[in-house]
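Okay, structure first, notes after.
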Amino acid sequence: MLSGVRLCVRSLCRGWSVRGMSLSPRQINRWPSNESSEPPADSPRVLITGGLGQLGVGLAEMLRKQYGKENIILSDIRRPPAEVYSMGPFVYADVLDYKNLRELVVNNRISWLVHYSALLSAIGEANLALARTINITGLHNVLDLALENCLRLFVPSTIGAFGPSSPRYPAPDLCIQRPRTIYGVSKVHAELMGEYLHHKYGLDFRCLRYPGVVSAHTKPGGGTTDYAVQIFHDALSTGHHECYLCSNTRLPMMHISDCHRATIEFMQAPESQLSLRTYNIAAMSFTPEEVAEEIRKHLPHLRVTYNPDTIRQTIADSWPVRFDDSNARQDWGWKPAYGLSELVTDMLASIREKRTNAGLPVS
């Protein structure tokens with residue numbers, strides 16, 4: 001039953017088991033010491049879970065340019081749009097179905113796994129049981145798979161992993177966290193489990209704390225920072241945006257291109273350069289009023305009203321206003337390309353083009 005399975009764990013726990021497989025100490029080995037931690041000379045084989053969310057399709061597109069279309073497999077439990085299906089391999093994958101995931105990893109010779117499946121902050125608060133199941137049980141499934149198959153595993157974390165007792169001006173990589181959402185709690189759990197399995201068993205676990213990610217390519221998905229996407233759509237459609245946060249709520253934000261590039265550069269970084277397993281990455285911080293003012297430089301007619309939503313405002317008020325990402329910059333050379341003005345210019349151009357191509361009016 002264990003034939004062909006290499007378990008990347010330190011020779012330590014007698015009778016340690018994975019999915020019902022009892023292992024003797026002889027069968028438990030640390031990440032192979034005679035193999036380089038660098039990506040193989042041939043292209044990595046990458047599986048992306050939750051691939052139809054905000055981040056998966058764009059990351060797959062960038063990875064395919066580097067490693068070839070057939071080496072990057074996008075997955076989700078939803079039917080993909082025709083254009084996504086035509087871009088490259090797509091498979092059904094439920095992160096709660098361990099057997100299905102295992103077959104995908106083995107049959108496709110996966111070497112990197114990017115785990116994007118999760119319920120976001122506001123949606124998670126409305127669906128506690130489902131968020132706990134997807135965000136934590138799904139995580140444990142991919143952690144076990146990564147251990148069994150010596151995968152390089154990337155799990156994103158979030159600004160939501162911090163809480164009201166965390167430093168806010170700025171939040172460093174290592175500090176008190178104590179989040180007050182199930183999304184944040186599940187991400188802290190992911191950070192700690194990944195770090196634990198790295199130090200105990202040698203798992204090549206990598207994690208970035210994303211700020212709010214701003215993208216023209218996907219619809220808002222239930223996150224607290226999603227106003228920073230919706231405001232551009234509203235500016236070009238009706239000229240009016242009703243914001244669910246207060247006008248002066250400052251939060252860390254990032255253009256999606258910077259987010260993808262940071263993820264790829266981090267995954268490609270040699271292990272010898274990494275002093276941490278979880279890093280903050282940052283680009284800019286702004287308030288709803290500041291982004292509205294920048295948009296008005298292009299669309300002077302934009303009108304913004306504020307109707308704070310209690311749940312989302314409470315969440316936002318517990319988060320940092322700025323990330324300290326000095327360790328990422330020092331260890332593996334992270335540097336953002338987009339500031340606020342570049343972000344606004346790109347978002348307006350991209351959404352205008354999408355609406356025009358779809359035959360929709362542009363305000």
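Under a 3.5 Å cut-off, the side chain of Ser117 and the backbone N or O of Val95 do not form any donor-acceptor pair. A donor-acceptor pair is defined here as one N or O able to donate and one able to accept, closer than 3.5 Å; such a pair exists between the side chain of Asn107 and the backbone of Glu103. The main-chain N or O of Asp324 is found under 3.5 Å from a side-chain atom of Asn280 such that the two form a donor-acceptor pair. Side-chain atoms of Arg355 come within 3.5 Å of backbone N or O of Pro361 as a donor-acceptor pair. Put simply, the side chain of Ser237 gets close to the backbone of His233: a donor and an acceptor are under 3.5 Å apart. Using modelled atom types, one side-chain atom of Tyr244 and one backbone atom of Tyr227 make a donor-acceptor pair closer than 3.5 Å. A donor-acceptor distance shorter than 3.5 angstrom exists from the side chain of Glu125 to the backbone of Ile182, with no hydrogens or angles considered. Between the side chain of Ser75 and the backbone N or O of Ile48 there is at least one donor-acceptor pair closer than 3.5 Å. Thr158 places no side-chain N or O within donor-acceptor distance of the main-chain N or O of Ala161, the cut-off being under 3.5 Å.
Atom OH of Tyr92 has more than 12 heavy atoms from other residues, nucleotides or ligands within 6.0 Å. Within 6.0 Å of the CZ atom in Arg180, the count of heavy atoms belonging to other residues, nucleotides or ligands does not exceed 12.
Side-chain atoms of Thr263 and Tyr210 include a donor-acceptor pair closer than 3.5 Å. No hydrogens or angles considered: nothing links the side chains of Asn248 and Thr287 as a donor-acceptor pair under 3.5 Å. Counting only N and O atoms by type, the side chains of Glu191 and Thr278 include no donor and acceptor under 3.5 Å apart. Using a 3.5 Å distance cut-off with no hydrogens or angles, the side chains of Asp234 and His240 do not pair a donor with an acceptor. Counting only N and O atoms by type, the side chains of Asp173 and Asn327 include a donor and acceptor under 3.5 Å apart. In the model, Gln54 has no side-chain atom that pairs as donor or acceptor with a side-chain atom of Tyr116 under 3.5 Å. A donor atom on one side chain and an acceptor atom on the other are found under 3.5 Å apart for Asp317 and Gln313.
Judged by the 6.0 Å distance and 45° axis criteria, Arg206 is not positioned over the aromatic ring of Phe154.
Hydrophobic clustering (ILVMFWY, side-chain heavy atoms < 4.5 Å, transitive): Leu139 and Leu151 are in one cluster. Note on Ile231: it does not cluster hydrophobically with Ile256, by side-chain heavy-atom contacts below 4.5 Å among ILVMFWY residues.
Contact between Trp319 and Gly160 at its shortest, heavy atoms only, is NE1-CA, 3.3 Å. Smallest separation of non-hydrogen atoms from Gly50 and Asp76: C-OD2, 3.4 Å. Minimum interatomic distance between Ile136 and Ser186 (heavy atoms only, all atoms of both residues): CG1-CB, 3.8 Å. A pairwise comparison of heavy atoms in Leu340 and Glu294 identifies CG-CG, 4.1 Å as the closest pair. In terms of heavy atoms, Gly88 sits closest to Arg64 at C-NH2, 3.5 Å. Across every non-hydrogen atom of Tyr338 and Ser257, the tightest pair is CE1-CB, 4.0 Å.
Tyr279 and Phe323 have their aromatic ring centers separated by at least 6.0 angstrom.
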Apply ring-ring contact (aromatic ring centres under 6.0 Å, His included) to His260 and His255, showing your working. CA-CA 9 Å; His260 290 327; His255 189 282; 9.2 Å; no
